[in-house]
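Letters go in sequence order (proteins before strands), and every chain restarts at 1.
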There are 4 protein chains.
Amino acid sequence: MKDLNIGLVGYGFMGRTHSNAFHQAGHFFKLPYRPVLKAICARNTDRATAFAENWGYQSVESDWRALVARKDIDLIDIATPNDMHAEIAIAAAKAGKMVMCEKPLARTAAEALTMVDAVESAGVPNSVWYNYRRVPAVTLLKKLIDEGRFGRIFHYRAKFLQDWTISKDLPQGGEGLWRLDVGVAGSGVTGDLLAHCIDTALWLNGGISSVTAATETFIKERKHNLTGKVEPVGIDDASLFLCRFANGSLATFEATRYARGHKALYTLEINGEHASAFWDLHDLHRLQWFDHRDEGQLRGWRSLHITDSDHPYMKSWWVPGLQIGYEHTFIHQFADFVQALGEGKLCPPTFRDGLATDYVTDAVLASAKSGKWETVSSGTKGSK
Amino acid sequence: MKDLNIGLVGYGFMGRTHSNAFHQAGHFFKLPYRPVLKAICARNTDRATAFAENWGYQSVESDWRALVARKDIDLIDIATPNDMHAEIAIAAAKAGKMVMCEKPLARTAAEALTMVDAVESAGVPNSVWYNYRRVPAVTLLKKLIDEGRFGRIFHYRAKFLQDWTISKDLPQGGEGLWRLDVGVAGSGVTGDLLAHCIDTALWLNGGISSVTAATETFIKERKHNLTGKVEPVGIDDASLFLCRFANGSLATFEATRYARGHKALYTLEINGEHASAFWDLHDLHRLQWFDHRDEGQLRGWRSLHITDSDHPYMKSWWVPGLQIGYEHTFIHQFADFVQALGEGKLCPPTFRDGLATDYVTDAVLASAKSGKWETVSSGTKGSK
Amino acid sequence: MKDLNIGLVGYGFMGRTHSNAFHQAGHFFKLPYRPVLKAICARNTDRATAFAENWGYQSVESDWRALVARKDIDLIDIATPNDMHAEIAIAAAKAGKMVMCEKPLARTAAEALTMVDAVESAGVPNSVWYNYRRVPAVTLLKKLIDEGRFGRIFHYRAKFLQDWTISKDLPQGGEGLWRLDVGVAGSGVTGDLLAHCIDTALWLNGGISSVTAATETFIKERKHNLTGKVEPVGIDDASLFLCRFANGSLATFEATRYARGHKALYTLEINGEHASAFWDLHDLHRLQWFDHRDEGQLRGWRSLHITDSDHPYMKSWWVPGLQIGYEHTFIHQFADFVQALGEGKLCPPTFRDGLATDYVTDAVLASAKSGKWETVSSGTKGSK
Amino acid sequence: MKDLNIGLVGYGFMGRTHSNAFHQAGHFFKLPYRPVLKAICARNTDRATAFAENWGYQSVESDWRALVARKDIDLIDIATPNDMHAEIAIAAAKAGKMVMCEKPLARTAAEALTMVDAVESAGVPNSVWYNYRRVPAVTLLKKLIDEGRFGRIFHYRAKFLQDWTISKDLPQGGEGLWRLDVGVAGSGVTGDLLAHCIDTALWLNGGISSVTAATETFIKERKHNLTGKVEPVGIDDASLFLCRFANGSLATFEATRYARGHKALYTLEINGEHASAFWDLHDLHRLQWFDHRDEGQLRGWRSLHITDSDHPYMKSWWVPGLQIGYEHTFIHQFADFVQALGEGKLCPPTFRDGLATDYVTDAVLASAKSGKWETVSSGTKGSK
């Protein structure tokens, strides 16, 4: 079995989920390549070294350009803040490396487009870590939709609710808080939480035609950790939109970090002519399923416990009734990536799929500003 | 339409639920007789008069013997504490009245047997207010069982949990607290809560063969309201048993007033070869249903919202999605009683059915005392 | 105790809920007047007569003008289709009658305004049957908000989902189906379901400033029952909007009759700085409550079973743990109406409150047409 | 950091969960020793070799005596069927190895006692894999109990329901099915599922004094995979008992593999004077908590999402809202074992704790046979 040599940039929350995936994928899935954790790269060498020791990376780099230049690296994995995605990805593609990139692909669709061009010109395998496609319950839902079990789709609704930024004392910017710094993040919840909702929705329900949106920044000023000064907050704290999908269905989307009581409540629901389904990240191992074709008096929402061997990915794990958790979604994506590699295929969501989401988030932010319905750019057609 | 003249004995909690049923049944169900609230009887004339005014009873009696003697009364309804059930019922039967009696039928099976003999000798219509059979979800469950949808039954489990007697300061006895006075009530939770669980179980799952039980009185002494003195507590605060049903299934039963956080959590579950079902009084308008014959990957517990017109009793109420409540179970039983009357039939649970439950509670209390398995008397075969 | 003589117009679904309320209110609540079911009015005399017999109305009228003219009527209750509300209410007010009117108050705000003017000029008591304010869980929520327990409000979201019009074979118009006839109903789900969401929201969260909306008619043509011909459908099948409240919070609203699996899923949620709450009509006896001031490790959503005597309206019903149902909301409103009458007060929601909702539904329909944000007319300030 | 050299016996389901724990513990927890997967031992060398390759074991042994004899092994981990536990554990202890053993410790208390004697005589660290103690929700519950938050305990109830042996066509014995072979397993659900319930209960609620039990074998004969013949089934398919704890509380326990619709529904509930809690393996990341000291009108069951950094073990994982799964319980136990090793302490549940559970299962099986209450041997006092 050939090695797949990985160079990771970034050691934060996402650096951990990706590293764990590199370790675990082979224990549970048959892989055509053996992942090798070749190098971790970060400016802070002390932390990078500690991270390398903890996760078994063989070497440490402090300059991502040096990492990209190394001959012994096959795959560059980007787990940095958003403002570094494009530069690293483009350089990596030019160097002929495969590229995996944390979501959102970029801060704007324009920026994302340069990345798509780079990987497509270079012809290198590429993938964006929209991990929630690989929650087994969500993967099963996609399968049920593709089998035509819903009939005509009337409604889609998604929300991603958190509550961790309600305190006025929380600073913006700096280590761990770059998601509040608009320069680094590009936007607030739109590119962070809403992007997850959109990626799944495009995958499940097809392209979005047009949107009308509202955003809000509830706390207008916060201390910036890097400057030490109280500065205006540039990000959106909440982002909501209505939209029409190409298939004629209507939808509501909402993301916020001001929904008290919700830690990471990503929920989605789809209502079709014959069936409906609902999923909730807080109980990610369940899928709620309603089938109108059931016998009348016994129709009801079924709570499916997605832990059986005939559920997506689950025959590789434990026995029925025993749930998996959050990090498994990354393991699944990496396993799929490596298996696709072995078959010479791309592993969606590709950079082009990631771009499709950025076209929607661009439209959302534009509508929130213009107060009008905005058409989503045709980039919504991603790979399947 | 002929009148059905009712004389009620007792004006407590159950006096209210019955009176409400007499009023409401005709608004929602087609009845062959018109219920007339002829008289309310209670020793406390002031309260009886106020009750009569509130509920529209035409007259007040202070002596139940006078009530039973009245020619203009067709039906005696007994809503007194348990120690009065037998005497009133037997007298009423002898006087040729129909008799409805609050549950449990009596304090012991021996006492209950005299009541059964009385109504059967007199040939008068009779019924015990085990109201939970008429929760539409429970009635539907009975129908599903009778249709053979469960296959062989392996398990039954029921519990009725409350928490209102945990405080040491609660007195025993007197108005509203007679359920803590063993002389009046006969037993504690065994005759009160457990009896409900048993009645439903006998109806759904057939006869119980033998039991092994444990009871406990957590608070050993309480002030008695009538004597004003601290006296030993004679009732059981908790009552648990395991049993074998005639159909070979195994079961656990539990009732207590010491389960903090539960107000009236009557739950039951039945597990069969092909299907299972679960019901919970705290959400009485739902039935949980699992069918193993569903497609494998989509098997799950269905939460049925029992508010459709094809659900038992529900076409008489509102529209789908709109739930009914607790008191409706009494309305259903009374409507069924009057309809059965019109057809010359008995309305179960009859006194004989009520006796069957008393045989089981007797065995439970005997086992708790003997520390051995006790056989349930053959009286468990009730009417259907 | 003086009589309160009631004349009802209409015998449909709402005629039943109102009649039940007239009967039951006095059984459970202390009323300063005795409701007397004096007359029922409807064009179909046979049905009206049957209805009168079932519910105990003393007389039948076939012309509402005759009813309004009767000296022995104190209160005109309107339970007709929407297109008759204004004419009857205005005539009743002019005749000095109290008026209760089914919601929505009228088909448009302009129409509703004429009704407000009429009752206010006449100085007659008036109320609109937005019954969900009187679900005990919702009433409790209002109390918690008024006590300031939420702090600053960030988000509100409400939806009302049904699925009963998905079939293409369902006709529009005629008995029981007038809600699909735009001429009679005024609009589709906007005036029907969404109006409920809006009334509750205005009550709980204050005025709405502006909206952006989308509506859809999924089935474009249906047979019309009255003409027998296939005709274009004029109503909206689904209606969604985003809005900003005067208090700065952001909200999503959605109503549809095309959400498979949901019978009457009216849900609402409010997120504040310190607390959040969620309610769901399908389990109307529960309120979900989250309080951030709870001890950190033990913070969680509490499922409150609203059946205790310290919960709104509940000390008049049964004992803790025993739920009430849908029709009780009407009983509560009528009891409140009669009690307010005794105190010489108005019982909200008044016609002016009902007008406030119509201003919002007007804005929603306007925005759906214009594709722009629409400002809500200042009429949103209702009585408290 | 010193190495901790591990030799694993067995490669089945539990071999996988243990191996995963050895790999993952160091990625998430600070360990004083580095686990080294030195050798895997199994009779089937091909499978053992494949397992070694998949999980990174450095060598393969086919005879566990050879493994125990190796100088380079510090810890023997036993993941074999139950009938091999004692022999291997005793030999390992005699050879001075630390021993970790899958549950139940042995088939009978007598057998378990020989193991306890062996490890205690040898003075070697030892632990039994009762993994559910390390579900963060369960660990938190233990902490809440130890803090005295429940006051006097009245009730405990636990059940472990599965449905995978209902089919008559399932054989007994052989690879993957040894749990149905009484010679190998020792008992059916009593030693398998019920043992989990008992271990947690003893830990949370203290010793059990006496039990009354019932067991049942629903399918009396099955084909034996090893003999190829239809043979009587020796195991119990279901096992239920009532018991009294030393603290005066009453309890019900139930385990079965015939509860249609439940895959691995291990639930437990404890009711105290002031508080109650409920936990369910099917949503293992949640704890239901009720506190009577909450404000009256706002009392309710709280659904705690055990994913915050102040919850046990959780600060080592992801961010709030992101759940972990089943295998993490093993990682936690192994991390605790290694940390205890560094501090020279034992990591409960020790073999002595495992023995305590075997004393209870012995009493359960004895009572099921005798039809009487059986006293539990005093061995119920385990380490803390």
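- B:Lys263 does not touch chain D: none of its heavy atoms, backbone or side chain, sits under 4.5 Å away.
- Proximity to chain D among residues 277-295 of chain B is limited to B:Phe290, B:His292, judged by heavy-atom separations below 4.5 angstrom.
- Side chains of B:Arg157 and D:Leu161 form a contact here, defined as non-hydrogen atoms less than 4.5 Å apart.
- Applying the salt bridge (charged side-chain N to carboxylate O under 4.0 Å, His left out) test to every pair with at least one member in residues 234-243 of chain D, sequence neighbours left out, gives no pairs at all.
- The local environment of NZ in D:Lys143 is crowded, with over 12 non-hydrogen atoms from other residues, nucleotides or ligands closer than 6.0 Å.
- The OG1 atom of B:Thr256 lies 7.5 Å from the CG atom of D:Asn271; values are rounded to the nearest 0.5 Å.
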Open item on the list: Using side chain to side chain contact (heavy atoms under 4.5 Å, CB included), reason through D:His262 and B:Glu269 one step at a time and then give a plain yes or no.
Closed with: CA-CA 12 Å; D:His262 301 301; B:Glu269 177 166 348; 2.7 Å; yes

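- If you measure heavy-atom distances from D:Leu242 to chain B, the contacts under 4.5 Å come from both the backbone and the side chain.
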TODO: Please step through side chain to side chain donor-acceptor pair (under 3.5 Å) for the pair B:Thr252 and D:Thr252, ending with a clear verdict.
DONE: CA-CA 8 Å; B:Thr252 65; D:Thr252 64; 5.5 Å; no

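- To the nearest 0.5 Å, atom CD of residue B:Glu273 and atom OG of residue D:Ser167 are 9.5 Å apart.
- Comparing D:Lys159, D:His274, D:Lys372, D:Arg152 by how many heavy-atom pairs each has under 4.5 Å with chain B, the most go to D:Arg152.
- Under a 3.5 Å cut-off, the side chain of B:Arg260 and the backbone N or O of D:Ala275 do not form any donor-acceptor pair.
- Counting heavy-atom pairs closer than 4.5 Å to chain B, the top-ranked of the candidates D:Gly261, D:Ser210, D:Cys243, D:Ser276 is D:Gly261.
- Evaluation of the ring pair (Phe, Tyr, Trp, His ring centres under 6.0 Å) rule for B:Tyr258 yields B:Phe218, D:Phe154 as partners, not counting sequence neighbours.
- Only the side chain of D:Trp301 has a heavy atom closer than 4.5 Å to any heavy atom of chain B.
- Every pair passing salt bridge (charged side-chain N to carboxylate O under 4.0 Å, His left out) that includes a residue from residues 240-251 of chain B is listed here, sequence neighbours excluded: B:Arg244-D:Glu216.
- Contact annotation for B:Thr215: only backbone heavy atoms (N, CA, C, O) come within less than 4.5 Å of a heavy atom of chain D.
- At a 4.5 Å heavy-atom cutoff, the contact between B:Ile166 and chain D is made by side-chain atoms alone.
- Only the side chain of D:Glu254 comes within less than 4.5 Å of a heavy atom in chain B; its backbone stays farther off.
- Surrounding NZ of B:Lys168 are at most 12 heavy atoms belonging to other residues, nucleotides or ligands under 6.0 Å away.
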